[in-house]
*Asks:* 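The following block contains the structure, expressed as structure tokens.
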Amino acid sequence: MPLLVMKFGGTSVATLDRIRRAAKRVGREVANGYDVIVIVSAMSGETNKLVGYVGETSPLYDAREYDAVVSSGENVTAGLMALTLQEMEIPARSWQGWQVPVKTTSAHASARIEEIPTDNIMAKFGEGMKVAVVAGFQGISPEGRITTLGRGGSDTTAVAFAAAFAAERCDIYTDVDGVYTTDPRITAKARKLEKISFEEMLELASLGAKVLQTRSVELAMRYKVRLRVLSSFEEMDDSAGTLVCDEEEIVESKAVAGVAYSRDEAKMTLTEVEDRPGIAAAIFGPLAEAAINVDMIVQNISEEGKTDMTFSLPIDQVKRAQKALDEAKARNDIGFAELLIDSDVCKVSIVGIGMRSHAGVAAKMFATLRDEGINIKVITTSEIKVSVLVDRKYLELAVQALHDAFELDRAA
Ligand code: ASP
Ligand code: MG
């Protein structure tokens with residue numbers, strides 16, 4: 001039997017009525033001749049509520065108990081989905097992560113899936129079961145404790161199942177009807193993409209687009225799982241949504257596929273650090289140990305053996321970074337004159353595999369921002385993206401101007 005993975009996000013299972021609608025979609029695929037593995041999230045808002053309970057009960061909580069609590073929202077929806085399917089006379093049963101078992105690392109609250117044995121579920125398909133409903137987001141550690149995969153982790157559960165079971169496709173049902181050229185809340189000209197490559201999606205997800213958990217795209221890329229992102233609210237034909245797929249399948253040949261942003265960034269500058277071998281290691285080592293997600297890094301040219309070192313990071317990590325750097329200074333591991341902090345910045349990025357073959361993309365981006373009077377504070381590039389740090393008050397303007405400049409409202 002061909003096999004499909006269908007994942008329903010929190011808004012798609014938020015009420016019993018929506019679970020029924022989701023189940024109907026599953027029923028349609030069963031009627032099309034598929035065996036289906038359904039991955040469910042918790043009802044929307046549920047995981048946040050559980051996270052809140054944990055924090056209120058125990059500020060410095062035991063991460064193993066955190067996972068025991070926050071994974072539970074998915075148990076409820078898995079059972080309810082199986083019951084709903086049974087009511088529709090579709091043979092179905094639920095599995096919690098540990099029952100499969102979804103084997104993960106022991107990194108509680110951000111565990112990685114290591115292995116998904118297929119024999120249990122395949123045996124049931126062999127006995128005539130049509131739908132296996134699996135609680136997303138959760139697994140079991142080598143120590144036998146319940147783990148979770150990080151917020152948004154049921155996307156990753158879905159892709160991992162699709163890879164393990166060699167599913168024909170992995171459909172991710174969510175509250176948006178696909179992947180857009182940028183956030184439609186920022187510009188009404190944002191256009192839904194029919195297809196996007198794994199690499200572009202990976203950049204967009206890690207640069208702040210919130211449609212898919214970044215890790216799930218990484219997995220999809222590695223195992224070449226064809227992913228479809230679509231809405232569970234609209235009645236749609238099979239071509240609907242956005243297909244995340246291999247580059248070869250994409251005909252659109254635009255330089256830029258999308259504009260992403262991340263609003264809550266900060267920039268820190270260490271002034272007058274000594275320009276000597278090992279200085280970057282001495283600065284960024286302690287930051288790494290403090291689990292700071294340093295993103296962009298710029299080292300100025302030095303004058304008289306001294307240089308400025310600037311980097312960006314998520315705004316909520318500034319205090320921890322400051323502490324780590326001050327401690328390194330107190331230990332005499334590093335020296336600097338001042339630690340300057342700018343908490344009013346955001347990151348805007350353009351992404352596209354077409355950049356590999358189109359020249360002048362970065363220059364066009366810079367000229368567009370210049371024409372809007374937007375000053376660029378830090379720049380980084382990769383083969384398929386250019387990111388800039390600008391004042392947060394320019395976020396909307398920068399996104400709109402770049403979307404216009406690269407004509408993203410029009411298909412290639
Ligand atoms: N329920 C979890 C969360 O809200 C996992 C998920 O929905 O992907 O993060
Ligand atoms: Mg999600």
Side-chain angles (χ1 to χ4, degrees), residues 5-15 18-19 22 37-55 61 63 65-81 94-98 100 102 104 107-113 116 133-140 146-162 170-180 183-185 196 201-202 204-220 225 227-233 241-242 244 260 262:
V5 171
M6 301 172 77
K7 182 252 168 177
F8 294 94
T11 48
S12 310
V13 292
T15 62
R18 289 198 186 160
I19 292 177
I37 298 179
V38 171
I39 308 292
V40 286
S41 285
M43 290 175 165
S44 65
E46 205 55 32
T47 309
N48 286 342
K49 192 179 88 186
L50 297 168
V51 170
Y53 285 163
V54 171
Y61 53 76
E65 301 306 344
Y66 167 97
D67 277 350
V69 175
V70 305
S71 63
S72 65
E74 273 73 8
N75 297 345
V76 174
T77 42
L80 290 173
M81 177 63 83
S94 69
W95 268 269
Q96 295 183 7
W98 67 272
V100 175
V102 178
T104 73
H108 284 277
S110 60
R112 281 177 171 246
I113 296 176
I116 301 177
V133 186
V134 179
F137 182 51
Q138 45 172 267
I140 183 166
I146 303 298
T147 54
T148 62
L149 309 178
R151 297 307 304 272
S154 44
D155 292 336
T156 300
T157 307
V159 174
F161 271 80
C170 180
D171 287 347
I172 308 271
Y173 287 90
T174 174
D175 50 356
V176 292
D177 60 351
V179 179
Y180 279 74
D183 186 343
R185 288 169 300 189
I196 189 163
M201 192 64 234
L202 188 57
L204 289 176
S206 54
L207 290 168
K210 300 216 165 58
V211 209
L212 291 169
Q213 197 194 35
T214 305
R215 178 91 187 106
S216 72
V217 187
E218 262 169 40
L219 272 187
V225 172
L227 266 183
R228 207 163 60 142
V229 177
L230 64 178
S231 158
S232 59
F233 300 118
T242 300
V244 188
S262 140

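First listed ligand is number 1; within each ligand, the first listed atom is number 1. We use all heavy atoms of the structure for the numbers below, so side chains are in, but hydrogens, waters and symmetry mates are not. From a predicted model like this one, the values you see are computed outputs, not experimental measurements.
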*Asks:* Ser41 heavy atoms, cut-off 4.0 Å: which ligand 1 atoms fall inside?
*Replies:*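 Selected atoms, number and element: 6 (C), 7 (O), 8 (O).
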*Asks:* Counting neighbours of CH2 on Trp98 that are heavy atoms of other residues, nucleotides or ligands and sit closer than 6.0 Å, is the number greater than 12?
*Replies:*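 Count not over threshold, so no.
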*Asks:* Is it true that the side chains of Gln138 and Asn75 contain a donor and an acceptor less than 3.5 Å apart?
*Replies:*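 Yes - a donor-acceptor pair under 3.5 Å links their side chains.
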*Asks:* Is atom CZ of Arg112 surrounded by more than 12 heavy atoms (other residues, nucleotides or ligands) closer than 6.0 Å?
*Replies:*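 Not buried by this count: 12 neighbours or fewer within 6.0 Å.
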*Asks:* Which residue and non-hydrogen atom of the protein lie closest to atom 8 (O) of ligand 1, and at what distance in Å?
*Replies:*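 It is Ser154 OG, 2.5 Å.
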*Asks:* Could you say whether the N/O atoms of Thr47 and ligand 1 ever approach to under 3.5 Å?
*Replies:*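 Such a contact does occur with ligand 1.
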*Asks:* Using non-hydrogen atoms of the residue, decide whether Gly152 is closer than 4.0 angstrom to ligand 1.
*Replies:*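 Yes, Gly152 has a heavy atom closer than 4.0 Å to ligand 1.
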*Asks:* Could you list which atoms of ligand 1 come closer than 4.0 Å to a heavy atom of Arg151?
*Replies:*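 Once the distances to Arg151 are compared, the set is 3 (C), 4 (O), 9 (O).
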*Asks:* What I want to check is whether the side chains of Thr104 and Thr147 have a donor and an acceptor closer together than 3.5 Å.
*Replies:*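 Result is yes, a qualifying pair exists.
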*Asks:* Between Glu46, Glu74, Gln213, Gln138, flag the one that comes closest to atom 2 (C) of ligand 1 by a heavy atom.
*Replies:*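 Heavy atom nearest to atom 2 (C) of ligand 1 belongs to Glu74.
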*Asks:* For Ile172, run the side chain to side chain contact (heavy atoms under 4.5 Å, CB included) check against Val244, Leu212, Leu230 and tell me which one passes.
*Replies:*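 Option passing the side chain to side chain contact (heavy atoms under 4.5 Å, CB included) with Ile172: Leu212.
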*Asks:* Taking it one step at a time, do Asp171 and Lys7 satisfy salt bridge (charged side-chain N to carboxylate O under 4.0 Å, His left out)?
*Replies:* CA-CA 6 Å; Asp171 287 347; Lys7 182 252 168 177; over 6 Å; no
*Asks:* When you measure from the heavy atoms of Gly153 to every atom of ligand 1, does any distance fall below 4.0 Å?
*Replies:*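 Under 4.0 Å: yes for Gly153.
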